[in-house]
Amino acid sequence: MNLIILGPQGCGKGTQAELLVKQFNLAHLEMGAALREIAKEDSPLGRRVDETINHKKELVPEKVIDAVLEKWIGQIPAEQGTIIDGAPRKISQIDEVEGAFKKNNRQLDFVIFVNIPETESVLRISKRYSCLGCQARLILGWDFQNPTDPCPECGGKVEQRPDDTPQGVRKRLEIFRQETMPVIDHYRKQGKLLDINGMQSVEKVFQEILEKMNK
Ligand code: AMP
């Protein structure tokens with residue numbers, strides 16, 4: 001089984017991808033996280049990716065996405081399924097992603113679209129933190145009470161992503177509307193899209209995904 005999961009910022013697609021990974025033993029590519037790792041590298045590529053994702057808050061060029069995809073997909077055993085979180089994010093990336101699948105004898109089964117309203121995106125992202133130590137995803141006011149508190153899981157330092165400022169989220173939502181919604185429409189026309197209501201508990205969202213996959 002080969003899946004793609006897409007949705008606006010803060011929709012919970014990362015959490016749902018992790019649940020799908022556990023349920024079906026999938027290999028998981030989180031494109032944003034892979035790019036954030038590249039952005040930490042002290043190299044011309046690292047500096048360019050850092051500038052694009054953390055400062056300009058724009059999409060990185062196609063050739064970088066291509067290189068990440070190729071490197072990742074080539075290492076996965078043929079019998080293992082996959083899930084890609086965060087690509088294709090624009091129409092021109094559809095051929096790249098599907099080309100990488102085809103080259104590795106894989107076929108895309110479903111595109112999961114977890115949707116929430118934009119106001120909810122901004123609200124959720126303003127409370128989204130993660131631990132620099134154990135990488136736990138943490139929600140302010142829920143998992144911990146004060147932005148300066150240590151991680152409740154491991155005591156590590158907790159921080160917000162540099163692109164998770166209100167202005168950064170608005171810019172990324174605009175890109176989602178303009179660039180990624182046409183990708184969603186493309187897969188809806190192909191009959192591969194699973195429309196999922198992200199305004200439910202984590203468990204209910206997961207249940208809806210499983211139900212729609214089984215139909
Ligand atoms: P995310 O963690 O999914 O919010 O992604 C963080 C950032 O990484 C995005 O705002 C983009 O700058 C970049 N990014 C992630 N996925 C892609 C993609 N498929 N194409 C281009 N840029 C991407």
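Everything numeric in this text was worked out from a predicted model, so none of it was measured.
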Heavy-atom side-chain contact between [X] and [Y] under 4.5 Å:
| X | Y | result |
| --- | --- | --- |
| Glu96 | Phe101 | no |
| Pro166 | Ser126 | no |
| Leu20 | Met213 | yes |
| Val158 | Pro150 | no |
| Asn115 | Ile196 | no |
| Leu138 | Cys151 | yes |
| Ile94 | Val183 | yes |
| Thr52 | Val60 | yes |

How many angstroms lie between [atom1] in [X] and [atom2] in [Y], if you round to the nearest 0.5 Å?
| X | Y | atom1 | atom2 | result |
| --- | --- | --- | --- | --- |
| Leu132 | Lys157 | CG | NZ | 6.5 Å |
| Ile83 | Lys13 | CD1 | NZ | 10.0 Å |
| His28 | Ile5 | NE2 | CD1 | 8.0 Å |
| Arg106 | Ile76 | CZ | CD1 | 5.0 Å |
| Ile112 | Glu208 | CD1 | CD | 11.0 Å |
| Leu210 | Gln207 | CG | CD | 8.0 Å |

With hydrophobic residues grouped by side-chain heavy-atom distances under 4.5 Å, do [X] and [Y] end up in a single group?
| X | Y | result |
| --- | --- | --- |
| Ile184 | Ile175 | no |
| Val111 | Ile84 | yes |
| Val169 | Leu59 | no |
| Leu193 | Leu6 | yes |
| Val114 | Phe176 | no |

### Query
After noting the C-alpha distance and the side-chain angles of Asp85 and Met31, does the key distance pass the side chain to side chain contact (heavy atoms under 4.5 Å, CB included) rule?
CA-CA 6 Å; Asp85 168 355; Met31 187 56 84; over 6 Å; no
Taking every non-hydrogen atom, the tightest pair across [X] and [Y]:
| X | Y | answer |
| --- | --- | --- |
| Met199 | Pro117 | SD-CD, 3.6 Å |
| Glu62 | Ser92 | OE2-OG, 2.5 Å |
| Ile116 | Pro8 | O-CG, 3.8 Å |
| Asn25 | Gln80 | O-NE2, 3.1 Å |
| Ala27 | Trp72 | O-CZ2, 3.6 Å |
| Leu194 | Lys212 | CD2-O, 3.9 Å |

Output yes when [X] and [Y] qualify as a salt bridge under the 4.0 Å nitrogen-oxygen rule, no when they do not.
| X | Y | answer |
| --- | --- | --- |
| Glu118 | Arg177 | yes |
| Asp164 | Lys57 | no |
| Lys171 | Asp163 | no |
| Arg47 | Glu41 | no |
| Arg124 | Glu120 | yes |
| Arg48 | Glu51 | no |
| Asp50 | Arg36 | no |

Test item: [X] side-chain N/O and [Y] main-chain N/O as donor-acceptor pair under 3.5 Å:
| X | Y | result |
| --- | --- | --- |
| Ser121 | Gln9 | yes |
| Asp149 | Asn146 | yes |
| Lys192 | Leu108 | yes |
| Asp109 | Asn2 | yes |
| Glu30 | Gly86 | no |

### Query
Could you walk me through whether Leu29 and Leu69 pass the side chain to side chain contact (heavy atoms under 4.5 Å, CB included) check?
CA-CA 8 Å; Leu29 173 60; Leu69 264 171; 4.0 Å; yes
### Query
Looking at Thr180, Ile125, Val122, which hits side chain to side chain contact (heavy atoms under 4.5 Å, CB included) with Leu173?
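Of Thr180, Ile125, Val122, side chain to side chain contact (heavy atoms under 4.5 Å, CB included) with Leu173 is met by Val122 alone.
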### Task
List the steps and the verdict of side chain to side chain contact (heavy atoms under 4.5 Å, CB included) for Leu19 and Val202.
CA-CA 10 Å; Leu19 292 172; Val202 168; 3.8 Å; yes
### Query
Run the side chain to side chain contact (heavy atoms under 4.5 Å, CB included) check on Ile38 and Val68 step by step: do they pass?
CA-CA 10 Å; Ile38 296 175; Val68 172; 3.7 Å; yes
### Message
Please tell me whether Glu174 and Gln178 have a donor and an acceptor in their side chains that are separated by less than 3.5 angstrom.
### Response
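Judged by distance alone, the side chains do pair up.
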### Task
For salt bridge (charged side-chain N to carboxylate O under 4.0 Å, His left out), just list the numbers for Glu18 and Arg137, CA-CA rounded to whole Å, side-chain angles, deciding distance to a tenth of an Å, and then say yes or no.
CA-CA 12 Å; Glu18 280 170 8; Arg137 296 166 196 269; 3.0 Å; yes
### Task
Determine whether more than 12 heavy atoms belonging to other residues, nucleotides or ligands lie under 6.0 Å from atom CD of Gln107.
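Counting neighbours around CD of Gln107, 12 or fewer heavy atoms of other residues, nucleotides or ligands fall under 6.0 Å, so no.
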### Pair Arg188-Asp185, salt bridge (charged side-chain N to carboxylate O under 4.0 Å, His left out): steps then yes or no
CA-CA 5 Å; Arg188 184 173 288 114; Asp185 292 339; 3.3 Å; yes
### Task
Determine, stepwise, if the pair Tyr129 / Phe144 fulfils ring-ring contact (aromatic ring centres under 6.0 Å, His included).
CA-CA 10 Å; Tyr129 286 72; Phe144 68 120; 5.3 Å; yes
